[in-house]
Amino acid sequence: MNAALHGAVKSFEVYRRDKGRTGYSRLLSHDPGTGRSWLTEIHEKAGANGDVLRVETTTDLDELDPDERALYELRLSKELAAARAAMPLV
């Protein structure tokens, strides 16, 4: 059971901007089972008649430039540490 808890993908919203009918957000995700970390950028634009255009772009942290990757890895380590601290002791 403990392995199942640690195997779940964890995602954290690291940026959000909403301006009128346009929205932009970034999600930082990590899969502890594989060790893979990635950034998902989501662009949403709502039309006047209610239709919504949503575009998602996913990039592995390994594909980012070194400075940007270091920034997101630091943020990820802080978010994962906070999530571990919030878990009840068994």
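Here the structure is a predicted model, which means the values were calculated and not measured.
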Heavy-atom check, side chain of Trp38 versus side chain of Leu27, under 4.5 Å: no
Check which hydrophobic residues are tied to Val55 through side-chain heavy-atom contacts below 4.5 Å, counting indirect links as well, and list them. Leu53
When every non-hydrogen atom of Pro32 is compared with those of Ala8, the smallest separation belongs to CD-O, 3.3 Å
Side-chain heavy atoms of Glu13 within contact of Ser25, under 4.5 Å: yes
Please step through side chain to side chain contact (heavy atoms under 4.5 Å, CB included) for the pair Thr22 and Glu44, ending with a clear verdict. CA-CA 6 Å; Thr22 303; Glu44 289 185 332; over 6 Å; no
Grab the two heavy atoms, one from Ser37 and one from His30, that are nearest each other, plus how far apart they are. OG-ND1, 2.7 Å
Output the distance between atom OH (Tyr72) and atom CG (Leu28), rounded to the nearest 0.5 Å. 8.0 Å
What is the minimum heavy-atom distance between Asp62 and Arg69, and which atoms define it? O-NH1, 3.6 Å
Do Asp60 and Leu39 make a side-chain contact, defined as non-hydrogen atoms from C-beta onward lying under 4.5 Å apart? no
Spell out, yes or no, whether Phe12 and Ile42 are grouped together once hydrophobic residues are joined by side-chain heavy atoms under 4.5 Å, including indirect joins. no
Carboxylate-amine/guanidinium proximity below 4.0 Å for Glu73 and Arg75: no
Test side-chain hydrogen bond (donor to acceptor under 3.5 Å, both in side chains), reference Tyr24, set Lys45, His43, Glu41, output is Glu41
Closest heavy-atom pair, Gly23 versus Asp18, reported as atoms and distance to 0.1 Å, is CA-OD1, 3.6 Å
Could you check if a side-chain atom of Thr40 sits within less than 4.5 angstrom of a side-chain atom of Thr57, using non-hydrogen atoms only? no
